[in-house]
Every structure is written in structure tokens, then in C-alpha cells.
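Since the structure comes first, as C-alpha cells, the remarks are kept for the end.
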2 protein chains.
Amino acid sequence: MTNRRRKSPIQIDIIEPHLCDPALRFKILQMVPFFSKLSEQDLIAINQLFYEKGFEGGEYIYFSEEPAQHLFIIAEGQVKLLRHAMGSKDVLLELLVPGEFFGALSNQDNSIYPDTAQAQTAVCALAINVQDFRKILKTYSSVTIKFLDAVSDRLQSAHETIRQLSGQSAEKKISYMLLKLAKKLGQPQPVGLLIQAPLTRDDLAEMTATTPETASRVVSQFQKEGWISTGRQWIAIRDETALRSLLEQNSL
Amino acid sequence: MTNRRRKSPIQIDIIEPHLCDPALRFKILQMVPFFSKLSEQDLIAINQLFYEKGFEGGEYIYFSEEPAQHLFIIAEGQVKLLRHAMGSKDVLLELLVPGEFFGALSNQDNSIYPDTAQAQTAVCALAINVQDFRKILKTYSSVTIKFLDAVSDRLQSAHETIRQLSGQSAEKKISYMLLKLAKKLGQPQPVGLLIQAPLTRDDLAEMTATTPETASRVVSQFQKEGWISTGRQWIAIRDETALRSLLEQNSL
DNA sequence: CGGTAGTTTGAACTACGTCAAGGGTCGTGG
DNA sequence: CCACGACCCTTGACGTAGTTCAAACTACCG
């Protein structure tokens, strides 16, 4: 029930789309940073405002421009947030993991989703109506403040991404992104610190503002250096230090 | 007291650095979106928690990595938020105007400023201690929610910037940035919709992940097309539609 | 075992970065 | 008030990293 491929070291639990483990719901909500300090009483009440939604890998959860009606919290699986660029490739903004939220944040009524959410793997998400979430925020001020902190962190992270995408070589951008992903998804394995996500070269390209071909070339080169191990849809980091020192290199 | 240059159409009020007009303080706080709905009583109390700080044009307000102790609200002038890239040029993340805030947002204690703030013009800012601001948030839940909305908007804006910087030609990136700046700072003038900020080609380059030379070339070209008017440290938009349609063009 | 989706590699082209020099504008001080 | 010096802007020539197009290869799935 856990394994999936033969050669690929990636192991992702198979979950039924459209079905969340009911016992999991509560655990997930407790895990979410901005609900963590609530009493069991309160959490039970909040739990009832959420409902479950399942998605298959590749399925779209919502599209940008649609009316923003729900906030989602990931219970299982991974979700990617992306924006369609007009004349060019899509841009992959974030790869989200269980416990993280996405969807309608800024809730000036009648707003729309600014980006598109797609299930990267099979996903089980907890969804809540924007109005209901607002009610929670109004009731529990501690939740609001912690949620604010979480959004602020996202903003910092986005700013950091802007910096990294700006005026950097493809090598540096990809190196940065691998480190960022490893920090979030990394899992020690025989092959190295495995990035636990089915990540294609296209995904990597969309995250780093390059092309799949360039991503492939850089990844190959890193592998030749012995810094990473790679395969179809996966990458593992062997030498984190090497990648990190590459970032700090001055481009003479 | 208002004018400054001869040929440049830019007009920026000269303000005394290190001195805010005391009458202005109150008006500014009322103007800030997240304080707008408070009673006069409450606003007076809040007003007392802020103190004034003045900066000359070019002066640094704080540096990244310093302990993040204050939240700032701009009363007069403009502030740029930037990050130093290791081996390369700085990156200009945001250009902020009166009524906008910056500084310590996410306040897990002992945090540091993630970016550097520099006065673009002479600036008068209202500063508040992080702890005091937290108190305000705990007291007025409506403020917290509106502040959350503001931060969420910033996050959306940052995501949009990432999209625009990704895989676009220099023309498109600069076109996008001009439109963004015009929306924020634009002021109708004989020369066109003037971007009311002393903006150098370097600034523009740092915002769009290019070089000053490329920025200059693109700006010259736009001028030849008759879409904009430019000069030393200023740019005015004559044909917004042309710029916008350029963004939507597919790169065939 | 065949098909689909992901990956790799090559070769040609080009937008942009880099280096360098020259010209305009401003404001400061003589 | 003029002149100098600092700063900003422009333009050219050149090299190159990275995109683009295209084809072959490989892993996985039914």
C-alpha cells in the first residue's frame, strides 16, 4: 500500500481520491500552525466547518479567475500553485505539502483566485467556505495572528524567489530551487536526500524560469559532478554543501 | 515649496527629513487601510504608540539581517525595499508610497529584517515597536483581519512579479513594470501619465532583472514608438494600451 | 510488447550581458 | 552667473549563455 515503482526511489502513499481518512482530519487540523494552540473543544467546532475533498494526481482543484470561495488545507498529497503566462510557459509558484493552506486568503468579497491549483499527486484536502473562515478569524484572534504570520512567511519566501530568479545563471537558480525543495520535502535515502515528489524537468523549468532542456542539462551536469542523483521524475541530493557554495559564488 | 527642477516634470514636495508635520500624522493613520474603520478614540490611542522618523533621500532605513524591531508606515516620500544578491546586482522588490507599511511583519520574536529599506526620496515615516503593534492586533481584531488582507495582497503582487520575471523578454518585463508603477504612482501631466518618482535606469533594471543598458535600450525603443516619454530620472506613459497589448503578445 | 510520457543530446540562432566610450543634465562652489 | 564635476543616460561592438527545434533514447504502464 506504500510502494509504487520499481526503479524510482520515490514512495508516495496511495490514497483514495475523494476520500480522506476521517481519523486524519483532526490530526491534520492540529498540525496546522495557526490552529495548534486551540483547545480540543474549539478544534471540534472548527473541524465541523471543514469538509473533505479528494483529487486525483494531475486534477485541477481550481483555476485562476474563478470566484474565490474556499480556503484549502492539504491533508495528504501535494499541490502545485501556478499561473498561466500569456504567451509563454506556465509558472510554478509553490509546491505545497500536508499542513499547508492555499486558495482564498485575501477576502475582499467577490474576489477571484489569483492562481491555479493543481494536484501534483493524489490529494485529500480540507476545504472551508471563505465566510466560515472569516468567522473563525473573528472569533479566535490568536488564530488570525498566527495566520498572519504564516502569510507573512509566504511573502518573504516569494521575495526570496524573486531575488533568486533575478539575474542569476540557470545553474544557480536550479541549485537554489533544489535546496529549497529538499528542505521542504527532503527525506534521507540510500541515494541521498531524496526530494519526495514526482518532479519532472518541466516542473523544475517552470519553477526556475528556464526550459526543460536547460533544466535537464544542468541536472545532468550536477550529476556528473556527483552532487545529485537523478532519474525519471525524481532527484536526490548527495552533496548539499556543493550546491550551497555554488549559490554564494561570485560570477567573475 | 513644491517645485524643484526645471526640465524634469517630476514635482516632489520637499520635506524636512527628521520632521513630520504633526497635523499630518493623524491624517496618515486614518488613511492606512487597516486603521480606517477605527473610532477617533482608538486612533488617538494608537497614534501615541507611533513615533516619527525622518530620512533623507538615499538614506538607509534598515538593513537586512538586522534584528527586526519596528514596523513603519510611510507618511511622506517613497521607500524602496531591496535585497542584496550575493554575487550580483541588488534586486528592487517594491517601491512604497505614503500609507503603505514595511518592516517587521511576521513577528516570531527575535526575527530579522529579510530585506533592506532605503529612502528613495526624503521620507517621513511613522514607526512602531513590534511588541506595541502586536498589542494593537490583539486588541482590535478588525485591524488584524484588514492587515492580513493587506499582506495577502502583497503576496499576490509578489507572485505576479514572479510570473512576469519568468521567461519573458526584457521588453515585456519592463513594459509590465512601467504599467505597475504607473498604476501606483501615475499622475496625469501634459507629457503623459507621469510616474511620480525619481526613477533611474538602474532602478528599473533592478526591478526587472536586467541591466541598466538593456533598460535604457528598451526605454529608448518605446520612446521611438511614441509609447512613452522619458528623461533623466523620469518616465511618462503616453500609450498605455500599446504597452498592455505588448504583454499579451504571444512570442511566435 | 507496444505506446505514451519523460529525458537526453546536438546544432544553430539570438537576445541579452558585458565592456567601453561619449554626451547630457544637474547642482555646487567659486 | 558661469564652470566644473558628478551622476545619469545612450550607443556600439562583441561574446556567450540559454532558447529553440528536432530527433533519438529510456522508463513505465497497460
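Rounded to a whole Å, the CD atom of B:Gln168 is 11 Å from the P atom of C:dC16. Rounded to whole angstrom, the span from the CZ atom of B:Arg201 across to the C1' atom of D:dC7 amounts to 13 Å. Spacing between atom CG of A:Asp202 and atom C1' of D:dT19 amounts to 14 Å, rounded to whole angstrom units. Between A:Leu165 atom CG and C:dC16 atom C1' there is a gap of 17 Å when expressed in whole angstrom units. A:Gln223 has its CD atom 14 Å from the C1' atom of D:dT26, to the nearest Å. Atom CG of A:Leu204 and atom C1' of D:dG18 are 15 Å apart (whole Å). Taking atom CG on B:Asp203 and atom C1' on D:dC9, their separation rounds to 13 Å, with Å as the unit. As a whole-Å value, the separation of A:Leu199 CG from C:dA5 P is 18 Å.
With C:dT7, C:dA20, C:dG24 as the candidates, the nucleotide lying closest to the side chain of B:Glu213 is C:dA20. Checked against D:dC9, C:dG6, C:dG17, the side chain of B:Arg217 finds its nearest nucleotide in C:dG17. Ranking C:dT8, D:dC9, D:dT19 by closeness to the A:Thr211 side chain, first place goes to D:dT19. Nearest to the side chain of A:Ser220, among D:dC8, C:dT8, D:dT11, sits C:dT8. Residue B:Thr200 has its side chain nearest to D:dC9 when only C:dT8, D:dC9, C:dC16 are considered.
In this structure, A:Lys180 contributes its side chain and A:Thr161 its backbone to no donor-acceptor pair below 3.5 Å. In this structure, A:Arg238 contributes its side chain and A:Val191 its backbone to a donor-acceptor pair below 3.5 Å.
Each of A:Gln118, A:Arg83, A:His84 was scored for a side-chain hydrogen bond (donor to acceptor under 3.5 Å, both in side chains) with A:Asp90, with one residue passing: A:His84.
Side-chain contact annotation: B:Glu160 with B:Gln164, donor-acceptor N/O pair under 3.5 Å present.
The side chain of A:Thr214 places no N or O atom within less than 4.0 Å of a non-bridging phosphate oxygen (OP1 or OP2) of D:dG18.
Cation-pi geometry between B:Arg154 and B:Phe102 is not satisfied (NZ or CZ under 6.0 Å from the ring centre, within 45° of the ring normal).
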